Visitor: 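Mind having a look at this structure? Questions to follow.
All values reported here derive from a predicted model rather than from experimental measurement. Each chain gets a letter, A, B and so on, in the order the sequences are listed, and its residues count up from 1.
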There are 2 protein chains.
Amino acid sequence: MEIREIFAHNLRALRKTKGLSQEELAHEAGLDRTYISSLERQIYGASIDVVDRIAKGLAVEAADLLRCPEAEATK
Amino acid sequence: MEIREIFAHNLRALRKTKGLSQEELAHEAGLDRTYISSLERQIYGASIDVVDRIAKGLAVEAADLLRCPEAEATK
DNA sequence: TTGTGACTTTAAGTCCGTG
DNA sequence: CCACGGACTTAAAGTCACA
């Protein structure tokens, strides 16, 4: 499983959980709306700086965004 | 605490634990020798692709490299 | 509310070397 | 074995108008 896929999935899932739109999250994280969109569609491999800013916007830990549900199985 | 700092610390600590040189890890992860050095000195903020490749080279999860020991306190 | 293409600027990442 | 430098190529960061 690609790390981008894991990140994109966790990002979208957590954003929905918090009830935020891409626009609202973008504002919280100090990023552009379309950039969040790009990350969710796996256009880019985000840098850890961006992961951190998004994590703060979602009020979670950076590590949570890279955590794979099936980590124990794929290791 | 900066995410780069956390990453750099975890990277160096885990690499030492595994008994690998920067050169050996670079080879394992398919990265440049000097780049690993740069990451440990916090010159660059790595992309999640690089985090993932390094994690594989160290035989750990990507999330482990971004995990902060004092996460609960700094949140 | 989100996806997408086009675009420019900045930083990542490689490869050569040195002490 | 590692810190550090210069020069280089590629990918990400960041913004916009439009569907």
Visitor: Search all heavy atoms of A:A59 against all heavy atoms of A:K18 and return the closest pair with its distance.
Guide: O-NZ, 4.4 Å
Visitor: Please list, by residue number, the residues of residues 19-32 of chain B whose heavy atoms come closer than 4.0 Å to an atom of DNA chain C; answer none if no residue qualifies.
Guide: B:G30, B:L31, B:D32
Visitor: Is any side-chain nitrogen or oxygen of A:R12 closer than 4.0 Å to OP1 or OP2 of C:dG3?
Guide: yes
Visitor: Is the backbone of B:L20 close enough, under 3.5 Å, to the side chain of B:R15 for a donor and an acceptor to pair up by distance?
Guide: yes
Visitor: So B:T34, base contact, sugar-phosphate only, or nothing? Heavy-atom distance under 4.0 Å.
Guide: base
Visitor: Checking only heavy atoms, does the side chain of A:R33 share a donor-acceptor pair with the base of C:dG3 at less than 3.5 Å?
Guide: yes
Visitor: Kindly say whether A:A55 contributes a backbone atom to a donor-acceptor pair with the side chain of A:D64 at under 3.5 angstrom?
Guide: no
Visitor: Return no unless some side-chain N or O of A:R15 is found under 4.0 Å from OP1 or OP2 of C:dT2.
Guide: yes
Visitor: Report the C-alpha distance between B:V51 and A:I3 in whole Å, list the side-chain angles of each, state the deciding distance to 0.1 Å, and finish with yes or no for side chain to side chain contact (heavy atoms under 4.5 Å, CB included).
Guide: CA-CA 9 Å; B:V51 172; A:I3 189 79; over 6 Å; no
Visitor: Ignoring backbone atoms, test whether A:R53 places a side-chain nitrogen or oxygen under 4.0 Å from the OP1 or OP2 oxygen of D:dG14.
Guide: yes
Visitor: Looking at A:S37, does any N or O in its side chain come under 4.0 Å of the phosphate oxygens OP1/OP2 on C:dG3?
Guide: yes
Visitor: Work out which heavy atom in A:I54 is nearest to a heavy atom in A:L11; give both atom names and the distance.
Guide: CG2-CD1, 3.6 Å
Visitor: Is the backbone of A:Q22 close enough, under 3.5 Å, to the side chain of A:R33 for a donor and an acceptor to pair up by distance?
Guide: no
